[in-house]
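Side chains are part of it too, since the values below use all heavy atoms of this structure and drop only hydrogens, waters and symmetry mates.
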Amino acid sequence: MNFRIPTFFMLSVDIRVGANPVNCPFPHYFSTTLFSCNLSYLLCSFLGLLYQEYRDKSTREEIETRRLQDSQTDPEETSPSEETPSEAEPTSTIENKAPPQINLLRNSNSRFNLWQDLPEVQSSGVLSILQPDEIKLQEAMFELVTSEASYYKSLNLLVSHFMENERLKKILHQSEAHILFSNVLDVMAVSERFLLDLEQRVEENIVISDVCDIVYQHTVNHFSVYITYVSNQTYQERAYKQLLQDKPAFREVISQLELDPKCKGLSFSSFLILPFQRITRLKLLVQNILKKVEEKSDRESTALDAHKELETVVKACNEGVRKMSRTEQMISIQKKLEFKIKSVPIISHSRWLLKQGELQQMNGPKTSRTLRTKKLFREIYLFLFNDLLVICRQIPGDKYQVFDSAPRGLLRVEELEDQGQSLANVFILRLLENADDREASYMLKASSQSEMKRWMISLAPNRRTKFVSFTSRLVDCPQIQCVHPYVAQQPDELSLELADVLNILDKTDDGWIFGERLHDQERGWFPSSMGEEILNPKIRAQNLKECFRVHKSDDSQRRKLGSRNRQ
């Protein structure tokens, strides 16, 4: 399947003052001097990076910028990388300038070329007229366009280099190829159409009027293909692992293709996850634009609409992935349980596992116990679902005998005060109404402080944490930014991407943090070594203010989301 590579940057600039075309929010409009550059040149030169590289470099620059801001005594000072040429003296002879030379790529090995770094932009004189805030907004919109071009380049490589490889076609059965590549051709076609419309907008004016209206239209009308692709992720990963294990020829061909210089050392799997990475990143790019547009303006309204629709698609993608894995997980758990009490149906379309694991239960009344008793505790095993707790004891044959249960809403927890090493990391779990329709209490011991806190927060999500959450609207709260990506290993953990900013809700002495990510209010545990705490209170307040603005379009929905995530 051949895709037409769109042309890019047929920009016209008029050095007339006073013209004010439709959709241009600026009193000075630039249009007459023509310069052009097609997308293939942009992809091969200006964007010599595959999307994986582009994305990684962009997020690391974001981390470094935030580090610099955090270290400043006055966080409102602008870092050197953010300085704009807007303070330069206006040139009175703009009309007599020669047409700018086409040279988008000055040095592909240097830092990213920004919108304001383009020779065509610099020679037009626009930088001496626009305000610094408007230049930052132009950069944010320009990044959305160029990152889509880089993404399209990587998708094209996935299709042409891997999917259409003749040796690979002969090795893979049609059904295997379908699971592995899913509807990537549809995703690529949608990206091409999206990029063409972005290109057309950039052609209208060297000063980009808006891009979020285009994002909105494409999200509503075309981005459902992402839900289909991402929902297949569980089967895709399983099929890929199985093929590597069962088909040596497949493993050999993939290894050879990965070594091709075109791939720049990137793995085949990094290409397969591109669509999910892109749809989540696109939401963040729109958030970045939203933070920079004028408040109560048409562009703010458009950005809010685009963000809301993207959030809907991202949630649907996440739910699609979770639904596939949750169903299989619930079936597996159901097979392992044997009920000593009245049986409880485990499998339900609205039920999923939150946490499972072993704890130690104190034997007998605590008043009769002495710390010298060897059998002070005995092992029990808990399965905690979003609406139900099941308490078991492990029995031979990888089975679990259920001896008590309770609705999750009727659970209460209480941490014991320090009573010595034997009772360290001990908490009390109360079932207000158990399987026998009566109240019951369990004194439980965890293996560490972090494990105790993780169980307590999972069992009773409404219990107050050490620090207050984003939804409380406090002026200040401890924050951390992610400097190392992290993949969740347990259901109560939170996967992190580079440059994520989170409120710290709780922390433990053994190196774990319970956090709430600002851009989507998702909560979970992660190792403290994955991030760096933001120490500047003004930067923390700015981060909160920006998030309040992003989510202000539907305050009630935000509160509802925060409540659901606590579950």
Side-chain angles (χ1 to χ4, degrees), residues 55 58-59 62-63 66 144 212 215-216 219 223 226-227 230-231 233 273 275-291 303-323 352 354 386 457 461 465 467-474 477-482 485-488 491-506 513-526 530-531 534 540 542-567:
R55 181 172 174 270
S58 177
T59 51
E62 185 178 344
I63 289 171
R66 195 173 287 125
L144 188 146
C212 288
V215 175
Y216 173 81
T219 304
F223 282 5
Y226 282 95
I227 301 173
V230 175
S231 296
Q233 183 177 325
I273 64 173
F276 184 56
Q277 289 181 331
R278 181 55 183 172
I279 196 65
T280 53
R281 183 65 180 170
L282 195 57
K283 188 187 83 165
L284 296 180
L285 291 171
V286 170
Q287 281 189 5
N288 194 35
I289 293 172
L290 180 54
K291 295 170 186 176
L304 285 169
D305 289 343
H307 180 266
K308 183 178 179 180
E309 293 302 325
L310 280 170
E311 202 163 48
T312 300
V313 172
V314 171
K315 287 178 185 176
C317 288
N318 286 328
E319 286 303 311
V321 173
R322 290 167 181 165
K323 184 177 181 180
W352 61 88
L354 292 180
N386 61 307
I457 288 176
T465 53
F467 305 105
V468 186
S469 73
F470 163 79
T471 51
S472 68
R473 290 182 174 271
L474 280 190
C477 178
Q479 289 179 5
I480 191 170
Q481 77 159 333
C482 173
Y486 179 70
V487 178
D492 65 337
E493 294 180 7
L494 183 64
S495 292
L496 301 178
E497 298 284 350
L498 286 173
D500 278 350
V501 177
L502 305 97
N503 274 351
I504 299 174
L505 305 185
D506 213 332
I513 288 176
F514 183 56
E516 182 178 53
R517 188 162 46 217
L518 293 189
H519 75 75
D520 59 7
Q521 288 86 66
E522 288 284 339
R523 291 180 168 192
W525 290 89
F526 55 91
M530 296 298 105
I534 299 174
R540 294 196 297 265
Q542 177 184 320
N543 291 336
L544 286 179
K545 181 180 178 181
E546 289 175 348
C547 281
F548 292 148
R549 185 181 179 190
V550 165
H551 295 281
K552 75 176 182 179
S553 61
D554 193 347
D555 221 326
S556 62
Q557 180 66 24
R558 179 174 57 77
R559 287 195 297 269
K560 181 179 178 182
L561 176 63
S563 174
R564 183 167 67 250
N565 286 333
R566 284 193 294 273
Q567 300 173 5

Peer 1: Who passes ring pair (Phe, Tyr, Trp, His ring centres under 6.0 Å) against Y226, sequence neighbours left out?
Peer 2: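 Per chain and number, Y226 pairs via ring pair (Phe, Tyr, Trp, His ring centres under 6.0 Å) with F223.
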
Peer 1: To the closest 0.5 Å, what do you measure between CD1 (I457) and CG (L505)?
Peer 2: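 Output value for this atom pair is 7.5 Å.
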
Peer 1: Is there a side-chain contact between Q233 and F276, using heavy atoms and a 4.5 Å cut-off?
Peer 2: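 In contact.
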
Peer 1: Given the rule in the side chain to side chain contact (heavy atoms under 4.5 Å, CB included) test, do V501 and R517 qualify, once you have shown the distances and angles that lead to the verdict?
Peer 2: CA-CA 6 Å; V501 177; R517 188 162 46 217; over 6 Å; no

Peer 1: Which heavy atom of I63 sits nearest to which heavy atom of C482, and what is that distance?
Peer 2: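 Heavy atoms only, the tightest pair is CD1-O, 3.4 Å.
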
Peer 1: Please tell me if the side chains of N543 and Q479 come closer than 4.5 Å, counting only heavy atoms from C-beta onward.
Peer 2: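 Yes - at least one pair of side-chain heavy atoms lies under 4.5 Å apart.
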
Peer 1: Measuring from I480:CD1 to I534:CD1, what's the distance to the nearest 0.5 Å?
Peer 2: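 Reported value, rounded in 0.5 Å steps: 8.5 Å.
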
Peer 1: Is any side-chain heavy atom of L310 closer than 4.5 Å to one of L282?
Peer 2: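 Side chain of L282 against side chain of L310, heavy atoms only: contact under 4.5 Å found.
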
Peer 1: How far apart are the closest heavy atoms of G515 and L502, and which atoms are they?
Peer 2: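 So the two residues come closest at C-CD2, 4.3 Å.
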
Peer 1: Keeping S495 on the side-chain end and A488 on the backbone end, is there a donor-acceptor pair under 3.5 Å?
Peer 2: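 Answer holds: yes.
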
Peer 1: Using side-chain contact (heavy atoms from CB on, under 4.5 Å) as the criterion, list what pairs up with L284, not counting sequence neighbours.
Peer 2: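 side-chain contact (heavy atoms from CB on, under 4.5 Å) list for L284, sorted by chain: R281, Q287, H519.
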
Peer 1: Return the set of residues passing side-chain contact (heavy atoms from CB on, under 4.5 Å) with A306 (not counting sequence neighbours), or none when no residue passes.
Peer 2: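 side-chain contact (heavy atoms from CB on, under 4.5 Å) check on A306 returns C212, V215, Y216, V286.
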
Peer 1: So, do C477 and N503 sit near enough that their side-chain heavy atoms are less than 4.5 Å apart?
Peer 2: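 Sidechains of N503 and C477: in contact.
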
Peer 1: Going by heavy atoms in the side chains, are R523 and F514 under 4.5 Å from each other?
Peer 2: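 The answer is yes; the side chains approach within 4.5 Å.
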
Peer 1: What's the spacing between R540 CZ and I504 CD1 if we round to 0.5 Å?
Peer 2: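 Interatomic distance, R540 CZ to I504 CD1, rounded to 0.5 Å: 9.0 Å.
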
Peer 1: Can you name the closest pair of heavy atoms from L354 and P491 and give their distance?
Peer 2: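 In terms of heavy atoms, the two residues are closest at O-CB, 2.8 Å.
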
Peer 1: Are H307 and I289 packed together at the side-chain level, in the sense that at least one heavy-atom pair is separated by less than 4.5 angstrom?
Peer 2: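 No, every pair of side-chain atoms sits at 4.5 Å or beyond.
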
Peer 1: Can we say K308 and D305 salt-bridge, meaning some charged N sits less than 4.0 Å from an Asp/Glu carboxylate O?
Peer 2: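 Salt bridge flag = no for D305 with K308.
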
Peer 1: Are any of the side-chain nitrogens in E62 or R66 under 4.0 Å away from the carboxylate oxygens of its partner?
Peer 2: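 A salt bridge links E62 with R66.
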
Peer 1: Could you pull out all residues at least two apart from E309 that satisfy side chain to side chain donor-acceptor pair (under 3.5 Å)?
Peer 2: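 E309: no side chain to side chain donor-acceptor pair (under 3.5 Å) contacts found.
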
Peer 1: Applying side-chain contact (heavy atoms from CB on, under 4.5 Å), can you list everything that pairs with T312, at least two apart in sequence or on another chain?
Peer 2: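 Listed in chain order: nothing, the list is empty.
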
Peer 1: Using distance alone, with no hydrogens and no angle criterion, decide if D500 and Q481 have a side-chain donor and acceptor under 3.5 Å apart.
Peer 2: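 Q481 and D500 do not have a side-chain donor-acceptor pair below 3.5 Å.
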
Peer 1: Tell me whether E546 is salt-bridged to R549, with the criterion being a basic N under 4.0 Å from an acidic carboxylate O.
Peer 2: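 Here E546 does not pair with R549 in a salt bridge, since their nearest N and O are not under 4.0 Å apart.
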
Peer 1: Between CD1 of I227 and SG of C317, what distance do you get to the nearest 0.5 Å?
Peer 2: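 Between atom CD1 of I227 and atom SG of C317 there are 5.5 Å.
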
Peer 1: Quick check for you: to the nearest 0.5 Å, what is the distance between K315 atom NZ and D520 atom CG?
Peer 2: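 One gets 9.0 Å once the value is rounded to the nearest 0.5 Å.
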
Peer 1: Do you know which two heavy atoms are closest between V550 and L304, and how far apart they sit?
Peer 2: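 Heavy atoms only, the tightest pair is O-CD2, 3.5 Å.
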
Peer 1: Hey, could you give me the CG/CH2 distance between D492 and W525, rounded to the nearest 0.5 Å?
Peer 2: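 One finds 8.5 Å between CG of D492 and CH2 of W525.
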
Peer 1: Which residues satisfy the side chain to side chain donor-acceptor pair (under 3.5 Å) test with Q277, sequence neighbours excluded?
Peer 2: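 Partners of Q277 under the side chain to side chain donor-acceptor pair (under 3.5 Å) test: none.
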
Peer 1: Looking only at side-chain N and O atoms, does E497 offer a donor or acceptor that is under 3.5 Å from a partner on Y486?
Peer 2: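 No - no donor-acceptor pair under 3.5 Å links their side chains.
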
